[in-house]
There are 2 protein chains.
Amino acid sequence: MSIQMNQSLSVDCAVFGFNGKSLKVLLIERRYYAPDTRLDKLKLPGAMILDNETLPQAAYRVLEEATGLRDVYLKQMDIFSDPNRVSGEELEWINRYHGIRTERVVTVGYYALVKLDTRTVAYTTAKGAQWVDVDSIQRLAMDHKQILSAALAVLCREMLQSPVAFELLPRKFTIRALQNLYSAVLGIEIDNRNFRKKILASGFLTPTAEREQGVAHKPAQYYTFNKNAYKKALKAKLKLGFINNWRY
Amino acid sequence: MSIQMNQSLSVDCAVFGFNGKSLKVLLIERRYYAPDTRLDKLKLPGAMILDNETLPQAAYRVLEEATGLRDVYLKQMDIFSDPNRVSGEELEWINRYHGIRTERVVTVGYYALVKLDTRTVAYTTAKGAQWVDVDSIQRLAMDHKQILSAALAVLCREMLQSPVAFELLPRKFTIRALQNLYSAVLGIEIDNRNFRKKILASGFLTPTAEREQGVAHKPAQYYTFNKNAYKKALKAKLKLGFINNWRY
DNA sequence: ACAAAAGTGTTCCTCTTACACCCATGA
DNA sequence: TCATGGGTGTAAGAGGAACACTTTTGT
């Protein structure tokens with residue numbers, strides 16, 4: 001038993017997107033995959049840490065390669081450090097793929113939120129990646145299913161406590177779209193009248209001059225997220241009683 | 001620029017305790033310290049990861065060595081991965097102290113909450129460790145001041161959202177003690193009547209048969225934390241509307 | 001005219017806040 | 001008897017939950 005020096009450190013990213021109906025996650029097919037093995041093909045995008053980069057830098061690098069996007073919402077969520085989290089055939093695959101020889105990989109899980117516009121979808125599909133419905137995923141390579149589950153849990157928590165939802169929506173969106181997003185991610189029904197009241201009262205939505213076009217019903221108003229209003233509200237909150245926020 | 005293989009991974013623990021008045025953190029003086037260097041002496045307890053252990057296992061190992069305690073509240077909080085977070089003299093110290101030769105140490109920060117009873121204080125002081133008022137700490141070895149700040153921020157957040165406060169109190173405690181703890185950690189004043197109403201209404205406190213003794217005022221009732229009641233409440237909550245908890 | 005989704009108000013109730021005095025004990 | 005901190009109640013206001021119908025558009 002000695003201090004661990006021949007290990008590698010990696011990052012894996014659960015990249016989430018929302019298509020208006022359901023929550024998607026970006027999966028890639030691993031290369032160097034021999035069709036006769038029974039290893040799962042699909043995995044989360046990830047990479048080993050390089051000499052001179054921090055973990056967030058590595059995560060941004062992975063994200064940019066996978067989606068072509070910079071300036072994306074990205075957050076660390078958990079570390080997966082079981083010495084046997086990859087072993088056997090899976091460990092062999094890693095060593096072969098990266099041309100290294102390690103006995104253990106500790107990975108840091110990140111989750112990212114992107115706006116699923118046509119350009120991004122085009123980029124990812126050109127790379128052979130897929131946006132898969134999170135509810136339909138049964139198995140993934142290595143322990144990536146576990147990493148994905150952890151990311152989903154964190155996403156739920158964050159959505160209830162900060163306005164990360166807007167990272168998943170286009171710049172202009174309808175209140176219904178926002179509501180559907182909450183509904184889909186959290187798996188709950190939300191009363192439209194109360195939701196609308198609450199979200200409008202917050203002052204974080206700015207109405208635009210535009211409305212939906214070509215829909216067979218009353219066209220909906222488009223809004224944008226007012227980041228400044230949110231920041232101001234945060235600062236104001238800090239001065240007041242924190243203790244308000246207790247929940248049991 | 002190559003995949004990082006000669007790095008080390010470590011854990012550092014911010015161990016918090018509460019003496020009834022103020023929040024303390026456990027600091028140790030580093031050994032192999034040459035009095036003529038200008039390196040700071042005090043640091044958080046920490047260790048390198050061994051071959052066959054997970055990060056939480058390493059953290060528990062550190063904690064047991066530092067405090068003699070098992071079954072302690074311990075939680076991962078952040079990763080410090082700047083390639084230069086330890087360098088120069090500090091890096092030399094690490095290599096000398098551990099008898100290794102690494103160019104980079106990524107560390108995972110944990111925070112722990114312990115009950116500051118006489119036995120624990122005796123154990124730690126026998127080991128030459130100190131319980132230091134968190135507010136009085138200006139500098140620490142390496143980037144440990146930064147790690148401590150991160151831990152404090154997480155502690156504040158957690159205290160507002162889950163009943164971790166009880167980890168810092170003895171099994172039997174007065175409501176005042178609980179209130180003082182919140183007050184001290186969060187740095188706010190709390191109305192005693194409202195606090196008492198709220199905490200008692202939660203049903204998480206069970207009164208004991210005991211009261212304070214030998215105090216020059218009306219003796220206070222002792223309570224214990226009812227973990228089962230809390231767990232039941234959590235489960236009930238899951239069925240209801242999450243959306244309640246929104247805060248902006 | 002009809003189908004489809006957008007948008008709108010009110011009532012009830014719970015929870016939060018603000019606030020001041022009496023009580024039990026040791027010295 | 002006094003000093004000390006423990007312990008109690010109420011009223012006003014804010015915010016949350018439940019609930020059904022009208023509006024606008026395309027077909």
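Convention: sequence-line order gives letters A, B, ...; per-chain numbering from 1.
- If Glu212(A) and Gly214(B) are placed on DNA chain C by their nearest nucleotide, the residue sitting closer to the 5' end is Glu212(A).
- Distances shorter than 4.0 Å separate none of the side-chain N or O atoms of Arg193(A) from OP1 or OP2 on dT8(C).
- Spacing between atom CD1 of Ile190(A) and atom P of dG7(C) amounts to 16 Å, rounded to whole angstrom units.
- Checked for salt-bridge contact, Lys75(A) and Glu158(A) meet the test: a charged N lies under 4.0 Å from a carboxylate O.
- Between Leu200(B) atom CG and dG9(D) atom C1' there is a gap of 14 Å when expressed in whole angstrom units.
- A distance-only check finds a donor-acceptor pair linking the side chain of Arg30(B) to the backbone of Asp40(B) [under 3.5 Å].
- The aromatic rings of Phe204(A) and Tyr230(A) sit perpendicular, their planes meeting at an angle over 60°, well past the 30° parallel limit.
- Between the CD atom of Gln221(B) and the P atom of dC23(C) there is a distance of 19 Å, given to the nearest Å.
- Listed pair Lys218(A) / dA4(C) fails the phosphate criterion, with no side-chain N or O lying under 4.0 Å from OP1 or OP2.
- The interatomic distance linking Arg176(A) (CZ) with dT8(C) (P) rounds to 11 Å, in whole Å.
- Note: CZ (Arg196(A)) to P (dG9(C)) measures 11 Å, nearest angstrom.
- Donor-acceptor pairing under 3.5 Å, judged by distance alone, is absent between the side chain of Lys198(B) and the base of dT17(C).
- In the interface, the side chain of Asn192(A) is not paired with the base of dA6(C) through any donor and acceptor atom under 3.5 Å apart.
- Between the CZ atom of Phe195(B) and the C1' atom of dC15(C) there is a distance of 17 Å, given to the nearest Å.
- Comparing Arg211(B) and Val215(A), the nucleotide of DNA chain D nearest to each residue sits closer to the 5' end for Arg211(B).
- The residue among Lys197(A) and Thr174(B) whose nearest nucleotide of DNA chain D lies closer to the 5′ end is Thr174(B).
- Ionic pairing of Arg70(A) and Glu64(A) is present here: one or more N-O contacts between side-chain nitrogen and carboxylate oxygen are shorter than 4.0 angstrom.
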Legend entry - Test side-chain hydrogen bond (donor to acceptor under 3.5 Å, both in side chains) applied to Ser22(B) and Asp133(B), step by step: CA-CA 7 Å; Ser22(B) 60; Asp133(B) 224 291; 3.0 Å; yes
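- Ranking dA6(C), dT17(C), dG26(D) by closeness to the Ala216(A) side chain, first place goes to dG26(D).
- Taking atom NE2 on His217(A) and atom C1' on dT27(D), their separation rounds to 13 Å, with Å as the unit.
- The distance between atom CG of Leu178(A) and atom P of dG7(C), rounded to the nearest whole Å, is 13 Å.
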